[in-house]
Every structure is written in C-alpha cells, then in structure tokens.
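So you know, we letter chains A, B, ... as the sequences are listed, proteins then strands, and number each from 1.
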Amino acid sequence: MLDIKLIRTDPEAVKAAIARRGDDTSSIDEVVELDTRVRAIGTERDDIRAEVKQLSKQVGLLHKEGRGDDAAALQDQSRALGEREKALSDEADDLAATIRSLLLNVANMPAPEAPDGLTEDDNLELRVENFDPAGYADHQRVPHWEVAEALGILDVDRAVRMSGSMFVMYRGAGARLLRALIAYGLDRNRDAFEEVRPPTVVKTETMIGTGHLPKFADDAYHLERDDLWAIPTAEVPLTSMVAGEILDQAELPLRLMAHTSCFRREAGSAGRDTRGLLRVHEFDKVELYAFCTPDQAQEMHMEILGRAESAISDLGLAHRVLDLACGDISGAGARTFDIEVFAPGADRWLEVSSVSWCTDYQARRANIRYRPEGEKGTRFVHSLNGSGLAVPRVWAAIIETYRQADGSVRMPEVLLPYLGGMTEIPAPA
RNA sequence: GGAGACGUGGCCGAGCCAGGUUGAAGGCGCUUCCCUGCUAAGGAAGUAACGUCGUAAGGCGUUCGUGGGUUCAAAUCCCACCGUCUCCGCCA
C-alpha cells in the first residue's frame, strides 16, 4: 500500500512512478479527491464527538447534584448530536473503505533505478554465468521428464491419479535429491538467517495481510470447512510473523528463512508449461526474507540476490540474472532481480528466484514498524524476499545438466554431504 | 469435541459484578536531572500508538483482544468472533 501522505502532497510524482509500470493512474486522482472529503468529514465528526463528551460529563455531574430535569435537557441535546455524529461517522467509514480498496489495488512505485519497459522483453540481462549453448552434449539435451521417468525418480502418472494434473511425486533417489536440495538451501544461509518452519495453511486475514487476497483468490487453494488457505509462498507466514508489531532498531535487519511447501492453482496458466516440473501445483521452496531499515535495504537486496545466485552457481548450473523492467515487477516490489537457470534438456531458461525489494509497501499493509534510535515515534520497515532455492526447477536443471553419456546422472559436488554416499543416480538397467 | 476461567499501556497488575473529570491506580522497566570519589542506594520529573488541525506550543479525536449493539455517556452492560489457561475426551 502506498503512503497516503505522499499521494496527498505529491500526486504527480506518484502517478509518474505508477505510469512506468504501464498501470492506470486515474485511481490516484480519485484517492486525492476522496481523501480531501474524508478529512473534512472526519474533522466535523470529531468536533461533534468532543461536544457529546463534554455534555455527557455535565449530565453526570447534574445527576450527582440531583438536578435531573437539567440533565434531561442536555441528554436530548446530546442525543440529537449523536444522530449527526453517527451519520457523519458512517459516511467517513465508507469513504475510508473506498480509499483503502483503491489503494490496495495500486502497485508499489518502481525504484528510480528499475529499468524502463512494460514487458519481460524489456528486462535487462545483467550477467550470464557458466553458459555455453554449444557446450552441451547430446545426452544433456534430453528433457528431465523423459530422463526422470526412465530413472524411476519422478512418478507423474501416479501423482496425477491421486491428485490430478500438475502434481508430481518424487521417488527413490529423486526424493532424496529433493531433500538434499532443501537442506543445502537452508544450511548455506544458516550463518545469518533464522530458520523458521511456519504453518502451511493460514487464516483468511493472514492472506489479506500480505495482499494475496482478495486479488489472487483464484490462485490459492482454500479449505472451505475451516476457512483456511494453503500458502502460495513462505512469504505469507513470514510477513505475518511480525504483523502489527513495533520492532527495535537493534533487531534489524531481521533475517528469516523457511522451507515450506507452496501451493498454487495456476488458474491463469492452465495448459501452459505442463511437462514435468516446469509448473506444478505443489512445490518445495526455501525462502529468504528480511525486514530492515530504509538505509539497510539496498545492501540487503544485494545480499539476498548474492546468496540466491551463489546457491545456483555452486551447483554448477548455467544461469543468468535479470533486472526486471518496471512493467514486469510484481505488485509489492519496487525493484526485482530474477535468477533464471538454464535447463539444456528442456532447452529453456527457468525462473528459479525472484528477489524483490518491497520498500515499505508490505510493511504499511501489515503494519510492521520500528523505532528509529534517537528519534521519537515509529517508521515502517522495509521488507525484502527472494527464493533461496526453488526446488523443482533446480532439480530438473540438475538432472538434465548432469546427465552422463551412459544415461546415469552424476550428483553435484556441493550436495554430496547431503546425499549419504550417493554420488550418482545409476543408468536404467 | 465437552466444562470452566480469562484477555487492560514495554512488562506486572488494579478498575468491570453498583456505566459518569479513568488514557486508565500502584509497581517494575526505561529516559533526563539532583545527590555521590566510582558503583549501589536515595530524591525529582518524564515515559503509548495512530489520525487530524496548527509554523510551533498545543487542541481535538480514536484505541483497555477484534467486530457489532445498548446508552446522553462503555475498559465497565449485551451479542458474535479470535486467542490464552485449567480439567475431561481424543491423538502423531
């Protein structure tokens, strides 16, 4: 949610920033107008309330003195004021609700440094690492869904039978590799991030708090009987962890990480990327998350990007880093870097991490503040998030990249400590 | 799932059953000042957030788990919801 005060004082700057995303700016004008009205009404309402309070005190005193008749006259007066107060109050509440719902649908302002452009074609490729398109052998050019089925490490057919399309099941060495990736993703950030294992299903108000509802209701799984939602990312519970709290500056930056299952209905992408692990309804992810002061935000953004990227490069996978164009940044982000890994078998780049700096946009919505040292009052924190390791697509890229000429799949060096002696997945007999 | 108790400021804890200068006693903690060779002890003052008006000082309003209701007036009465604790049941 954007700062209403900024919109009030400099609506043109806000509109200019929003326009860089290609978003409609008319709601900003609407907010400015409604805001003026709600404040005028609020002032009048508060004056009446003050009057009612004064009158009520007098009524109390008069009753004490036994002057009931005088009190009755004041009560009538106060009752009449109360009716007006109620009307004004209702109107103010309606306007405030309208303003809020307008604001909830306005995305964050992109950072000035975010590249211009409205689509993914405008994303800036910052660097490409470890990638030589001509360097892959034929045996690496087989898509993981074929390799994995042949090796018996991915059982899509049976998963579909029990849960429907776009659900998968890892088996044997495949399940073990998945477990290793999760442990690897967590362990390499253990030096600075607190490991959290939050609930996987949350209440409606929690989903609203992070902005995943009501806008993305169609993308989330809902357990109707208990009115609970399956989280689409650990970002939801991690943000809610400190919602409504005032943090000490000394606690910042607060670094958190969590491995969870993530559930997505993918309602808008039915029929797209349905092969193998490209797009699934349930997947494992290690999420990195930080709350910090505005001064710490830039550095923290780079830190999370660095950690996510090194996790990929230490696995020996080809990857690239994109600086997303304004129009391609998701709603809460002010600036986002994507990491894409190259899957030689599927012959395409797969997004495995989206590292976003959300400025105070999420904090304002979830009401997360801190007390700046040496200042009185509070300020909203900045929040940042990024996938430390999104398992399925990394798993897929490993299976394709590390496939040997004999059909076996070698395991990346850095995962060996997590694989209990398994150095390869043997070729099918 | 059943029965009961309860939810007050950074924390502890009164007030609620008899609604009225109670934004809320008292204590702890914290900040500043005084005293003191240092520390401890002691004394004084201050110590919520948010909204809005104001250059400011400050004014007004909201907030006693959340949301409704009753009333001239609600921390106090009524209803719903959320949560905590105790006992019983069930359970990995």
Measure the distance from [atom1] on [X] to [atom2] on [N] and round it to the nearest whole Å.
X	N	atom1	atom2	value
D35(A)	rG51(B)	CG	P	12 Å
I48(A)	rU52(B)	CD1	C1'	15 Å
E51(A)	rG59(B)	CD	C1'	15 Å
D46(A)	rG54(B)	CG	P	14 Å
L81(A)	rA73(B)	CG	C1'	13 Å
Q77(A)	rA73(B)	CD	P	13 Å
D76(A)	rA73(B)	CG	P	12 Å
K53(A)	rA74(B)	NZ	C1'	12 Å

Can you tell me which nucleotide in [options] comes closest to the side chain of [X]?
X	options	answer
V52(A)	rU52(B), rC72(B), rC60(B)	rC72(B)
K86(A)	rU52(B), rU71(B), rG69(B)	rG69(B)
R39(A)	rC53(B), rC82(B), rU62(B)	rC53(B)
D47(A)	rC60(B), rG20(B), rC50(B)	rC60(B)
I246(A)	rA49(B), rU52(B), rU62(B)	rA49(B)
R371(A)	rG83(B), rU52(B), rA49(B)	rA49(B)
R79(A)	rC82(B), rU62(B), rC72(B)	rC72(B)

- Task: Evaluate whether atom CG of D69(A) has more than 12 neighbouring non-hydrogen atoms of other residues, nucleotides or ligands under 6.0 angstrom away.
- Result: no
Which whole number of Å gives the distance between the [atom1] atom of [N] and that of [M]?
N	M	atom1	answer
rG69(B)	rG10(B)	C1'	33 Å
rA18(B)	rG42(B)	P	42 Å
rA25(B)	rU8(B)	P	16 Å
rA40(B)	rC35(B)	C1'	13 Å
rC78(B)	rG89(B)	P	33 Å
rA24(B)	rG9(B)	C1'	9 Å
rG83(B)	rG26(B)	P	35 Å
rU86(B)	rA74(B)	P	36 Å

Any side-chain N or O of [X] under 4.0 Å from OP1/OP2 of [N]?
X	N	value
T43(A)	rG61(B)	no
K5(A)	rG51(B)	yes
R8(A)	rU52(B)	yes

- Message: Counting the atoms with a prime plus P, OP1 and OP2 as sugar-phosphate, which does S56(A) contact under 4.0 Å by heavy atoms, base, sugar-phosphate, or nothing?
- Response: base
- Query: NA contact type, R45(A), heavy-atom cut-off 4.0 Å: base, sugar-phosphate, or nothing?
  - Reply: nothing
- Message: Between W395(A) and Y170(A), is the ring centroid distance below 6.0 Å?
- Response: yes
- Quick check, are the ring centers of H382(A) and Y361(A) under 6.0 angstrom apart? no
- Message: Pairs counted only when both distances fall under 3.5 Å, Watson-Crick or G-U: show me the 5' to 3' dot-bracket for RNA chain B, [ ] for pseudoknotted crossings and | for other-strand partners.
- Response: ((((((((.[[[..)....(.....]]]((((((.......))))))((((((....)))))).[[[[[..)....]]]]])))))))....
- Task: Using a strict cut-off of less than 4.0 Å between a Lys/Arg side-chain nitrogen and an Asp/Glu carboxylate oxygen, indicate whether E65(A) and R67(A) qualify as a salt bridge.
- Result: yes
- Message: Could you check whether E282(A) pairs with R264(A) (Lys NZ or Arg NE/NH1/NH2 to Asp/Glu carboxylate O, under 4.0 Å)?
- Response: no
- Item | Any side-chain heavy-atom pair of T260(A) and P198(A) under 4.5 Å | yes
- Query: Heavy-atom distance under 4.5 Å between the side chains of S387(A) and E287(A), does that happen here?
  - Reply: yes
- Note on the structure: Note: for Q75(A) and D93(A) on RNA chain B, the residue whose nearest nucleotide lies more 5' is D93(A)
- Message: On RNA chain B, compare the nucleotides closest to L61(A) and A50(A); which residue's is nearer the 5' end?
- Response: L61(A)
- Option passing side chain to side chain donor-acceptor pair (under 3.5 Å) with D328(A) (candidates T119(A), T336(A), N123(A)): N123(A)
- Task: Over 60° means perpendicular and under 30° means parallel, so classify the ring planes of H281(A) and Y221(A), tilted if in between.
- Result: perpendicular
